[in-house]
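Step one of this worksheet: look at the structure below.
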Amino acid sequence: MLDIKLIRSNPEKVKEALKKRKEKINLEGILKLDQERRELLLKAGALKEKRNTVSEEIGKLKKEKKDAQEKILAMKEVSTKIKELDTLIKKVEEEINKTLLEIPNIPHESVPLGEDEKDNTEIKKWGEPREFDFTPLPHWDIGEALDILDFEKGAKVASARFTVLKGMGAKLERALINFMLDLHTNEHGYKEIFPPFLVNAETMTGTGQLPKFESDLFKCENGLYLVPTAEVPLTNLHRQEILNDDDLPLYYTAYTACFRKEAGSYGKDVRGLIRQHQFNKVELVKICRPEDSYNELEALTKNAEEVLKRLEIPYRVIVLCTGDMGFSAAKTYCRPRKNIERYHPAVTVKIFKPEEQ
RNA sequence: GGAGAGAUGACCGAGUGGCCGAAGGUGGUUGCCUGCUAAGCAAUUGAGCGGGUUAAGGCCUGCUCCGAGGGUUCGAAUCCCUCUCUCUCCGCCA
């Protein structure tokens, strides 16, 4: 969420950012509300000052056993007015806050301008895709053939977009989680965290999932939400805390299962493990000084790339354009769900060999 | 689920209607001292939101904040109601 002060003092910059992101949000409205709020604050403040001083006088008069009735009556009226103003201020503030939560982050200047996926820029490619002298099968066929993936059972015990891992498939999943956590904790200096998989609404708001993207989340009856990524509990570990400069930067890594409703994706990626309601992820989060954040992002991306290098999976890193970035991002190397893009022989050949399309 | 206790500043901890943004201590910062030495002395040290002023650092000023929200009152950390969280004991489940 952007600071209202930034918008107030630098409206052109914010307008520019919104334009880049293809967001149609009217800043004039919020600026007017902000102005209104400050005017009301001034009025209420003056009345409160009066109430405070006169109330003190009343206290003194009473102590001296003098009559204070007149002043009490006058203050009664003032109090009523204050109450009215306070109610109004609260209403205006709620309105401002609501609008602020709808405004996305300002893109970093290095982010390419663009509309959508097709305008993302590739900045790095690693590894040679393997050559096959046959047509490779997609993972869902191989997985079922090996009896390590079972999509039908997933649908049976839960629903579509759930998968049961069996035997070596389950072991492989567990091994990958351990491999990544070990790598990031032993060699990259991250602290391992095991956070709750369910979080409250404040936490979801802290990372920008709420209020705008509630329909993407699974919500429990008691009001808690299933985490869509470990980023949510990790970044919220320090929500509304003032961190000591000496303690920065903080590097956290965590495994969680991730839960996403995938609303509006009917018919997309219906096969295989690409778009699941539940999947496993090892997340990297850094909390650092603002001036260091872009360097830290570069280092973090390298840490993530290391996983793919060691697994010998060819990949490419793309920087998302302004139109394709996530709501609260200022710069991203990840598309949702794809992160650093890997080479899947049967699925992503085109990305790696565009000339053969 | 039942019974009880509690929530105050970075931390500990006083405070039951006006003189409390809040005693005292710890910690932090600054200065002094330098043969009682992992010490002593002194000063200083919360935040948010506004307003004024300044080239700026800053300075002046108002309001709000004692878990959250509401209420009583001229006036609430202090009284009343609701909620949340923490702790202890009992039960239940595993």
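Values reported hereafter were calculated over all heavy atoms of this structure, with side chains retained and with hydrogens, waters and symmetry mates removed. Residue numbers start from 1 in every chain, and the chains themselves are labelled A, B, ... in the order their sequence lines are given, proteins ahead of strands. Keep in mind the model is a prediction, meaning the values are calculated, not measured.
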Check your understanding: Quantified in whole Å, what is the C1' atom distance between nucleotide G9(B) and nucleotide G48(B)?
Key -> 14 Å
Check your understanding: To the nearest Å, how far apart are R51(A) CZ and C74(B) P?
Key -> 11 Å
Exercise for review: Would you please indicate yes or no on a ring centroid separation below 6.0 angstrom for Y190(A) and Y252(A)?
Suggested key: no
Review point. Would you say R37(A) reaches C63(B)'s phosphate, i.e. side-chain N/O to OP1/OP2 under 4.0 Å?
Key: no
Exercise for review: Look at K83(A) and G70(B) and indicate whether a side-chain polar atom (N or O) is within less than 4.0 Å of OP1 or OP2.
Suggested key: no
Check your understanding: Got more than 12 heavy atoms from elsewhere within 6.0 Å of NZ, K118(A)?
Key -> yes
Practice item. Could you work out the separation of A23(B) and C80(B) based on their P atoms and round it to a whole Å? Key: 25 Å
Exercise for review: Sticking with atom C1', work out how far U82(B) lies from C59(B), rounded to a whole angstrom.
Suggested key: 45 Å
Check your understanding: With no hydrogens and no angle check, do the side chains of K281(A) and T229(A) hold a donor and an acceptor under 3.5 Å apart?
Key -> yes
Check your understanding: Taking atom CD of E291(A) as the centre, does the number of heavy atoms from other residues, nucleotides or ligands within less than 6.0 Å exceed 12?
Key -> yes
Review point. Could you give the CG-to-P distance, from D67(A) to C74(B), as a whole number of Å?
Key: 14 Å
Review point. What nucleic acid atoms does K63(A) come within less than 4.0 Å of, heavy atoms only: base, sugar-phosphate, or nothing?
Key: base
Check your understanding: Can you tell me how far P in G21(B) sits from the matching atom in C65(B), rounded to whole Å?
Key -> 11 Å
Exercise for review: Using atom CG of L33(A) as one end and atom P of G50(B) as the other, report the distance to the nearest whole Å.
Suggested key: 14 Å
Study note, to complete from the structure: Here the distance between atom C1' of U64(B) and atom CG of N52(A), to the nearest Å, is 10 Å
**Study point:** Residue pair T163(A) / D150(A), side-chain donor-acceptor N/O under 3.5 Å
**Key:** no
Check your understanding: Expressed in angstrom and rounded to an integer, what is the separation of D86(A) atom CG from U64(B) atom P?
Key -> 9 Å
Check your understanding: Counting just side-chain N and O atoms, does R38(A) come under 4.0 Å of either OP1 or OP2 of G52(B)?
Key -> no
Review point. If we take the P atom in both G67(B) and U78(B), what is their distance in whole Å?
Key: 8 Å
Check your understanding: Is the distance between the ring centroids of H184(A) and Y251(A) under 6.0 Å?
Key -> no
**Study point:** Aromatic ring pairing F194(A)/F197(A), orientation class (parallel under 30°, perpendicular over 60°, tilted between)
**Key:** parallel
Exercise for review: Calculate the interatomic distance between L41(A) atom CG and C49(B) atom P; express it in whole Å.
Suggested key: 11 Å
Practice item. Give each stem of RNA chain B as a range with a range, requiring at least 3 consecutive Watson-Crick or G-U wobble pairs whose two distances are under 3.5 Å. Key: B:1-7 with B:84-90, B:10-12 with B:24-26, B:27-32 with B:40-45, B:46-53 with B:58-65, B:67-71 with B:79-83
Review point. Within the structure shown, what part of the strands sits under 4.0 Å from I58(A) by heavy-atom distance: base, sugar-phosphate, or nothing?
Key: base
Check your understanding: Between G70(B), G51(B), C63(B), which one does the side chain of K48(A) approach most closely?
Key -> C63(B)
Review point. How far does the P atom of C90(B) sit from the matching atom of G18(B), given to the nearest Å?
Key: 42 Å
Review point. Going by distance alone, is a donor N or O of one side chain under 3.5 Å from an acceptor N or O of the other, for Q209(A) and D216(A)?
Key: no
Check your understanding: Are the aromatic rings of H108(A) and Y294(A) close, with centres under 6.0 Å apart?
Key -> yes
Check your understanding: Looking for any heavy atom pair under 4.0 Å, which part of the strands does G59(A) touch: base, sugar-phosphate only, or nothing?
Key -> base
Review point. If you measure from the C1' atom in C66(B) to the same atom in C11(B), how many Å do you get, rounded?
Key: 16 Å
Review point. Hey, is the side chain of K43(A) poking within less than 4.0 Å of OP1 or OP2 on C63(B), counting only N and O atoms?
Key: no
Practice item. Tell me what K76(A) touches on the nucleic acid: a base, only sugar-phosphate, or nothing, going by heavy atoms under 4.0 Å. Key: sugar-phosphate
Check your understanding: Just checking K5(A): base, sugar-phosphate only, or nothing, at a heavy-atom cut-off of under 4.0 Å?
Key -> sugar-phosphate
Exercise for review: For C19(B), take OP1 and OP2 only and decide whether either is under 4.0 Å from a side-chain N or O of K62(A).
Suggested key: no
Exercise for review: For Q35(A) and G50(B), give me the distance from atom CD to atom P, rounded to whole Å.
Suggested key: 11 Å
Review point. How long is the line joining CG of L73(A) and C1' of U73(B), in whole Å?
Key: 13 Å
Exercise for review: Using the P atom as the reference point in each nucleotide, state the distance between C92(B) and A10(B) in Å, no decimals.
Suggested key: 44 Å
Review point. Under 4.0 Å: is that the gap between some side-chain N or O of S79(A) and OP1 or OP2 of U73(B)?
Key: no
